Amino acid sequence: MTLDEVGQRMAALLAPVEVTTSVSGGQAYARATVDVPAESWTDALRAARDDAELACDFFDWLSAVDELAAGFDVVVHLWSSTRRHGLLLRTRVPRAAPRVTSVVDIFPGAAWHERETHEMFGIDFVNHVDLKPLLLPPEFEGHPLRKEFVLASRVAKPWPGAKEPGEAKAGGGRRPMRPPGVPAPGEWGPAPTSPESGGTA
């Protein structure tokens, strides 16, 4: 099957549900991509696995993409070990209440992928029975792969390469640059106040 045919077959299996088919970039590594509504998420994965023409029997990976105000895209990559084609399935969940049904009962290998995505993006996988932390310590607060997450450790520790060799003692050289993920002064945390204003730092 061509990439277009893979997408069309997926759309036919889910009809009358409205889906969007496309082909990812990547040239030789391109994949048929199908965007489905969140309420059809499990139906789409089950159809891709059980359909004789698609036969996507191998679960490769699951993760998410932060699309800011648009919400989060949950993405799964499946592979057919017999037909030798891949399929990317995506669904979008709202930022205010990001949740989608777990697919562990369809592909048991998705269990830790959903745990990691829950931990890193804060997306809830309904019916997953063990969404406990996988990578971060229990006291960690926040979801570090969300785009608004501030990398505070980069504020506390100087960014490597801020100065060229020999500039540390001279005090000259390049203008200091903020490392990626570090906001400008005044954009994060309490704003300092001057003694003249009567405020406290």
Side-chain angles (χ1 to χ4, degrees), residues 18-20 22 24-26 29 31 33-42 44-45 59-78 87-104 107 109-163 174-194 197 199-201:
E18 188 173 334
V19 304
T20 304
S22 59
S24 73
Y29 301 98
R31 295 286 180 260
T33 305
V34 181
D35 292 280
V36 304
E39 56 270 18
S40 300
W41 182 239
T42 55
L45 271 79
F59 173 89
D60 191 1
W61 55 263
L62 179 149
S63 191
V65 179
D66 187 346
E67 298 291 354
L68 297 173
F72 299 95
D73 281 343
V74 180
V75 186
V76 68
H77 180 235
L78 306 176
L87 173 64
L88 280 174
L89 290 172
R90 294 187 301 204
T91 193
R92 181 161 291 179
V93 295
R95 193 171 201 86
R99 53 191 292 131
V100 69
T101 304
S102 171
V103 296
V104 172
F107 289 105
W112 76 264
H113 294 254
E114 290 183 350
R115 283 175 59 192
E116 180 185 40
T117 304
H118 171 73
E119 187 174 30
M120 295 296 171
F121 292 93
I123 298 170
D124 186 24
F125 290 88
V126 180
N127 299 330
H128 193 297
V129 298
D130 194 25
L131 284 178
K132 63 185 180 184
L134 180 68
L135 302 173
L136 302 173
E139 65 274 9
F140 192 91
E141 296 182 6
H143 305 288
L145 291 187
R146 289 191 174 197
K147 288 182 178 176
E148 78 271 11
F149 187 83
V150 175
L151 300 175
S153 63
R154 293 183 178 177
V155 177
K157 183 178 179 182
W159 186 249
K163 293 186 176 183
R174 299 180 307 188
R175 180 170 51 95
M177 295 183 357
R178 289 193 313 277
V182 176
E187 291 180 0
W188 179 71
T193 56
S194 63
S197 66
T200 57

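In what follows, every heavy atom counts, from backbone to side chain, and hydrogens, waters and symmetry copies are set aside. One is the number of the first residue; the rest follow in order along the sequence. Please read these numbers as outputs of a predicted model, since none were measured by experiment.
Annotation: side chain of M120 is in contact with side chain of L136 (closest heavy-atom distance under 4.5 Å). Side-chain atoms of L145 and D66, non-hydrogen and from C-beta on, never get closer than 4.5 Å to each other. Looking at heavy atoms from C-beta onward, L78 lies in side-chain contact with F107 at the 4.5 angstrom threshold.
For T91, the side-chain contact (heavy atoms from CB on, under 4.5 Å) criterion is met by V36, A38, W41, V74, V100, not counting sequence neighbours. Every residue two or more places apart in sequence or in another chain was checked for a side-chain contact (heavy atoms from CB on, under 4.5 Å) with E18, and none qualifies. Contacts of E148 classified as side chain to side chain donor-acceptor pair (under 3.5 Å), with partners at least two apart in sequence or in another chain: R95. Every side-chain contact (heavy atoms from CB on, under 4.5 Å) that D60 has, sequence neighbours left out, goes to F58, H77. The side chain to side chain donor-acceptor pair (under 3.5 Å) search around R115 returns none, not counting sequence neighbours. Partners of S102 according to the side chain to side chain donor-acceptor pair (under 3.5 Å) rule, which considers only residues two or more places apart in sequence or in another chain, are E114. Under the rule for a side-chain contact (heavy atoms from CB on, under 4.5 Å), the partners of T20 that lie at least two apart in sequence or sit in another chain are D35.
Residues A70 and R92 come closest through the heavy atom pair O-CD, 3.2 Å. In this structure, A64 and I123 approach most closely via the heavy-atom pair CB-CD1, 3.6 Å. Minimum interatomic distance between P98 and G122 (heavy atoms only, all atoms of both residues): CG-O, 3.5 Å. Shown here for L135 and E119, the closest heavy-atom pair between the two residues is N-OE1, 2.9 Å. Residue P37 comes nearest to V19 through the heavy atom pair CD-CG1, 4.4 Å, listed as atom of the first residue, atom of the second, then distance.
With rounding to the nearest 0.5 angstrom, the CG atom of D124 is 12.0 Å from the OG1 atom of T117. Expressed to the nearest 0.5 Å, how far CG of D73 lies from CD of E67 amounts to 4.5 Å.
Screening residues 112-145 for ring pair (Phe, Tyr, Trp, His ring centres under 6.0 Å), with sequence neighbours left out, gives F59-H113, F140-F149.
Environment of CD in E141: sparse, with no more than 12 heavy atoms of neighbouring residues, nucleotides or ligands closer than 6.0 Å. Within a 6.0 Å sphere centred on NZ of K147, other residues, nucleotides and ligands contribute more than 12 heavy atoms.
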Test side chain to side chain contact (heavy atoms under 4.5 Å, CB included) applied to L45 and V76, step by step: CA-CA 9 Å; L45 271 79; V76 68; 4.0 Å; yes
